[in-house]
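The structure under discussion appears below in the form of structure tokens.
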Amino acid sequence: MRLDKYLSDMGIGTRTELKKMIRKGQVSVNGVAVKDPGCDVSEDAAVTVNGALIPYETLVYYMLHKPAGIISASEDPREATVIDLLPEPRRKDLFPVGRLDRDTEGLLLITNDGDLAHRLLSPKHHVDKIYYARVSGQVTAPDVAAFRKGLVLPDGLECMPAELEVLSVNGAETEGFQSEVRITIREGKFHQIKRMFQAIGMEVLYLKRLSMGPLQLDPELKPGESRRLTERERMALK
């Protein structure tokens with residue numbers, strides 16, 4: 001492929017910026033400075049920019065600990081997105097796999113692998129997504145049974161069976177109970193968990209995604225931090 005395309009794919013800069021860099025001799029291929037942006041290079045060439053090696057990657061995968069207040073989108077003209085939290089340089093074809101609500105925290109996979117995203121998001125593949133939540137009210141055994149059966153929301157939406165595990169119940173009846181729970185769902189409809197709890201008369205006060213299929217949120221990642229997936233994590237997803 002063209003040298004400027006190679007570097008553009010890797011997020012090093014725009015085509016215009018890259019042409020200037022190449023013509024200034026800032027780019028080398030296999031140890032030789034190249035000043036032609038149209039120079040043909042292979043994906044396994046040793047391309048460096050100002051001495052830094054830029055390996056070519058067809059598919060990339062990031063784990064992000066999404067913080068509250070950031071939207072799950074590839075780009076937005078007015079607001080910061082989850083893509084903006086990734087380190088530079090970064091590719092321009094990255095997207096979040098599924099969406100977390102603005103006020104929801106936790107695991108978000110970001111990639112340019114469309115096939116993997118489809119497999120993870122399609123309900124027919126039954127990929128478990130596990131969340132921790134703090135909700136108003138006292139979650140009871142009948143609530144757990146209702147989730148397991150599959151709730152029908154007031155607007156007619158039929159939810160697939162979900163697992164609801166009560167971790168703790170705090171407070172008192174006079175002050176109002178709060179329950180800590182773990183929820184496992186196999187789909188991801190708009191505001192689904194919030195709507196499921198609304199259907200049983202409760203409000204989600206805090207929500208965090210812990211895992212998606214075999215991928216678990218790295219406890220070392222603070223909100224807003226990200227890292228590349230390990231080889232083991234990539235293989236587990238595939």
Side-chain angles (χ1 to χ4, degrees), residues 62-72 82 85 96-110 120-123 125-155 157-227 229-230 232-233 236-237:
Y62 290 90
M63 175 190 298
L64 171 70
H65 186 164
K66 178 193 172 298
I70 302 294
I71 61 174
S72 297
V82 291
L85 297 177
V97 178
R99 293 176 183 269
L100 293 179
D101 297 341
R102 180 193 295 271
D103 57 352
T104 300
E105 299 181 7
L107 173 67
L108 191 62
L109 175 63
I110 297 178
L120 291 174
L121 296 175
S122 174
H125 288 114
H126 304 293
V127 175
D128 287 353
K129 304 169 187 68
I130 302 177
Y131 295 77
Y132 164 84
R134 188 170 63 251
V135 301
S136 64
Q138 183 176 12
V139 177
T140 63
D143 298 325
V144 172
F147 270 62
R148 184 174 294 127
K149 180 180 179 182
L151 288 172
V152 178
L153 304 185
D155 60 5
L157 175 66
E158 297 183 11
C159 297
M160 294 176 65
E163 294 297 321
L164 175 59
E165 177 187 357
V166 181
L167 302 176
S168 68
V169 178
N170 306 298
E173 187 171 356
T174 54
E175 302 170 356
F177 288 106
Q178 285 189 13
S179 300
E180 293 181 278
V181 298
R182 182 181 290 112
I183 313 101
T184 303
I185 61 174
R186 296 173 179 83
E187 54 189 341
K189 296 183 172 67
F190 183 67
H191 293 325
Q192 180 173 340
I193 291 178
K194 294 177 181 177
R195 293 161 67 194
M196 291 170 75
F197 278 101
Q198 287 173 353
I200 60 173
M202 298 180 187
E203 179 186 0
V204 173
L205 306 174
Y206 174 81
L207 186 61
K208 179 179 182 179
R209 182 154 69 189
L210 304 176
S211 67
M212 187 176 194
L215 188 63
Q216 298 184 11
L217 178 63
D218 186 340
E220 297 298 318
L221 287 180
K222 298 176 182 178
E225 292 182 343
S226 64
R227 66 163 172 80
L229 294 194
T230 65
R232 178 177 294 182
E233 288 169 336
L237 284 173

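Atom set for the values below is all heavy atoms of this structure, side chains included, hydrogens, waters and symmetry mates excluded.
- Atoms CG and CD, on Leu151 and Glu158 in that order, are 11.0 Å from each other to the nearest 0.5 Å.
- Within the 4.5 Å cutoff, side-chain heavy atoms of Val135 are placed close to those of Val204.
- In this view, Arg99 and Ser72, Ala73 satisfy the side chain to side chain contact (heavy atoms under 4.5 Å, CB included) rule, not counting sequence neighbours.
- Sorted by first then second residue, the salt bridge (charged side-chain N to carboxylate O under 4.0 Å, His left out) pairs that include residues 198-223, not counting sequence neighbours, are Asp218-Arg227.
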Between Val139 and Val169, does the side-chain contact (heavy atoms from CB on, under 4.5 Å) criterion hold? Intermediate values first, please. CA-CA 8 Å; Val139 177; Val169 178; 5.7 Å; no
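- Taken to the nearest 0.5 Å, the OH atom of Tyr131 stands 7.5 Å off from the CE atom of Met212.
- At a threshold of 4.5 Å between non-hydrogen side-chain atoms, the residues Leu207 and Leu100 do not count as touching.
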Would you sort out whether Gln216 and Leu107 count as a side-chain contact (heavy atoms from CB on, under 4.5 Å), showing the intermediate values? CA-CA 7 Å; Gln216 298 184 11; Leu107 173 67; over 6 Å; no
Output a table of donor-acceptor pairs, distance under 3.5 Å, between side-chain atoms of residues 188-197 and any protein atom two or more places apart or on a different chain; print 'none' if there are none.
| residue | atom | partner | partner atom | Å |
| --- | --- | --- | --- | --- |
| Lys189 | NZ | Glu187 | OE1 | 2.4 |
| His191 | ND1 | Asp101 | OD1 | 3.1 |
| His191 | ND1 | Asp101 | OD2 | 2.8 |
| Gln192 | OE1 | Lys189 | N | 2.9 |
| Gln192 | NE2 | Glu187 | OE2 | 3.3 |
| Lys194 | NZ | Asp101 | OD2 | 3.4 |
| Lys194 | NZ | Asp103 | OD1 | 2.6 |
| Lys194 | NZ | Asp103 | OD2 | 3.2 |
| Arg195 | NH1 | Phe190 | O | 2.7 |
| Arg195 | NH2 | Asp155 | OD2 | 2.6 |

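- Between the SG atom in Cys159 and the CZ atom in Arg186 there is a gap of 13.0 Å [rounded to 0.5 Å].
- Considering CD1 of Ile130 and OG1 of Thr184, their distance stands at 4.0 Å, rounded to 0.5 Å.
- For the residue pair Ile183 and Leu164, the shortest heavy atom distance occurs at CG1-CD1, 3.8 Å.
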Applying side-chain contact (heavy atoms from CB on, under 4.5 Å) to Leu215 and Leu229, what does each step give before you reach the verdict? CA-CA 9 Å; Leu215 188 63; Leu229 294 194; 3.9 Å; yes
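- Contact record, Pro67 with Pro223: CB-CB, 3.9 Å, taken as the closest heavy-atom pair.
- Residue Glu225 places its CD atom among more than 12 non-hydrogen atoms of other residues, nucleotides or ligands, all under 6.0 Å distant.
- Thr104 OG1 to Ile70 CD1: the interatomic distance, rounded to the nearest 0.5 Å, is 13.0 Å.
- No donor-acceptor pair closer than 3.5 Å links the side chain of Ser226 to the backbone N or O of Tyr62.
- Proximity of Leu109 to Leu237: side-chain heavy atoms (C-beta onward) are separated by under 4.5 Å at one or more points.
- Using a 4.5 Å cut-off on side-chain heavy atoms (C-beta onward), Arg148 and Val144 make contact.
- Going from atom CG of Leu108 over to atom CG of Leu217 covers 10.5 Å, rounded to the nearest 0.5 Å.
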